[in-house]
Amino acid sequence: MSLLPTTSIAAIAGYADQTVTLAGWVYHKTDKGKLIFIQLRDGSGTLQCVVSKKQVPEAAFAAAQQLTQESSCRMTGLVRADARAAGGFELDVQAVQLVGASPDYPISPKDHGVEFLMEHRQLWVRSARQHALLRVRAEVIAAAQEWLNAQGFIRFDSPILTATAAEGTSNLFATEYFDLGTAYLAQTGQLYVEAGMMAFGKVYCFGPTFRAEKSKTRRHLTEFWMLEPEVAFATHDDNLRLQEDFVSALVQRVIERRSADLQVLERDTSILARCLPPFPRISYDDALKLIEANQGAIEGATPLTWGDDLGAPHEQLIASQFDRPVFVERYPAALKAFYMQPDPQRPEVALCADLLAPEGYGEIIGGSERIHDAALLEQRIRDHGLSVEAYQWYLDLRRYGTVPHSGFGMGIERVVAWITGTRHIRETIPFPRMLYRIYP
RNA sequence: UCCCCGAUAGCUCAACGGUAGAGCAUCUGACUGUUAAUCAGAGGGUUCGUGGUUCGAAUCCACGUCGGGGAGCCA
């Protein structure tokens, strides 16, 4: 025999006036004495189930009375259209079977603090808001891969354990690796997708990346998921066009397919609907002027001199001037990673861009054209004090049939936070890893 | 690493130098249209830890622990 339900709640409208068996968890219960209302959640949706003392066997009514929040159960009954129920349908229950009891469920429908909820993350993900958020995350990931695949990309995953720091900058998590010394958890897959790009033309990797920075803000996780496309023969301009087409496609698909979830999250979709290409572009030089002209608009966004990096308040100020994501391009090369291609007209700036999301969500993409000349790349490795020896495999990509190429990295959690209007990035991943949290 | 803030019932908070409180949750009872149900009753405390000031500390001070927000860094 099977314990599987005969239908999911999401498909309940197709079962009007039929008898079905549902299987799920009690989201909420109201006991009116001889009438019990149970909001049953099965993962696909929630349905109001009505148990009437007059209409069910005594044992079934007693079983329904015993149900507490998050008890798992199976319910058999008649599907009936009813305007009084949220969603338009409810189940007239005929039989109730308790599967797993749930005494003293810790998360009530009322207020809880962040610390308490994070300590109970394994249960918090059952709540409506978290449920909606994680569904949007899944949609963004599916949409991203399907869109790239349709454009002729192939997924080419990069290793998570690496022997050296890829960019030689940020702090990495280290671990023992048998007799080969220390291994590091990757903070990017970019160097490896460049190898894939030379093999397949258009590739992307998608997986967890790690930053051992002691960042303590709502935009940072120590473990986050990054999607990194890389395209052969693509210039800086090609790269920006790909990014704006890609990001707007993701947003439009979430609006199209997950509007019910965005509604649960009370997200104003009219702001998202404007997210269509082309995205505005502003050079680093013009960004400095914009900051100067708007000083005082945002606390901390003080004027900078050429060569200074933009801080979080500066990025916020720039983003606030536009109604859709904005590219900030051509930063001073000295501020950026060693592999970025210098602008041939102005070697002191790099052919790179950061994409800043609106509404203060910050940088969601960082990308650039990569150096394709072996001699220049080797020089840059030396200039940055990195080991040429460790990068021999990477230099090989420029020694054998090198081509101009570009790519970018997109942080999934930041994109999901922006699309859903979630204040803190920690809610956009099932089990966030942060400076002071590795449990559960 | 630096700056700011917080910790009191299971949860969210109040009490701010003088007897430890409320709402929700839990338990008991009533109720056939609830959806954060309502009504009546009950139980529930190492006030984060250590030390100090005081006749007296949840309250003031010091240190510590845990957590929150931000900077830097970045996706």
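The figures here come from the full heavy-atom set of this structure, side chains too, leaving out hydrogens, waters and symmetry mates. Below, chain A is the first sequence line, B the second, and so on; all start at residue 1.
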Watson-Crick or G-U wobble partner for B:U28, using a 3.5 Å limit on both distances? B:A40
Work out how far the P atom of B:A22 is from that of B:A14, and round it to whole angstrom. 16 Å
What contact category does A:Phe116 fall into here, base, sugar-phosphate, or nothing, at under 4.0 angstrom with non-hydrogen atoms? sugar-phosphate
What side-chain donor-acceptor pairs closer than 3.5 Å can you find for residues 95-107 of chain A, not counting sequence neighbours?
{"residue": "A:Gln97", "atom": "OE1", "partner": "A:Arg74", "partner atom": "NH1", "Å": "3.1"}
{"residue": "A:Ser102", "atom": "OG", "partner": "A:Gln69", "partner atom": "O", "Å": "2.8"}
{"residue": "A:Tyr105", "atom": "OH", "partner": "A:Leu123", "partner atom": "O", "Å": "3.2"}

Nucleotide of B:G33, B:U34, B:A75 approaching A:Glu90 most closely (side-chain heavy atoms): B:G33
Gap in Å between the two C1' atoms, one belonging to B:A7 and one to B:A15, rounded: 16 Å
Ring centers of A:Tyr204, A:Phe246 separated by less than 6.0 Å: no
Output the rounded distance in Å from CD (A:Glu315) to C1' (B:C73). 11 Å
With the six-membered base ring of B:G33 as reference, does the ring of A:Phe37 sit under 5.5 Å away with planes under 30° apart? no
Hey, what's the ring geometry for A:Phe279 with A:Phe327, parallel, tilted or perpendicular (30° and 60° as the breaks)? tilted
Would you check if the distance from the ring center of A:Trp306 to the ring center of A:Tyr284 is below 6.0 Å? yes
Listed in order of residue number, which residues of residues 425-440 of chain A have a non-hydrogen atom at under 4.0 Å from RNA chain B? A:Ile425, A:Arg426, A:Tyr436
In B/S/- notation (B base, S sugar-phosphate only, - none; protein heavy atoms under 4.0 Å), nucleotides 20-28 of chain B written 5' to 3' is ----S----
For B:G23, the Watson-Crick or wobble partner whose two distances fall under 3.5 Å: B:C11
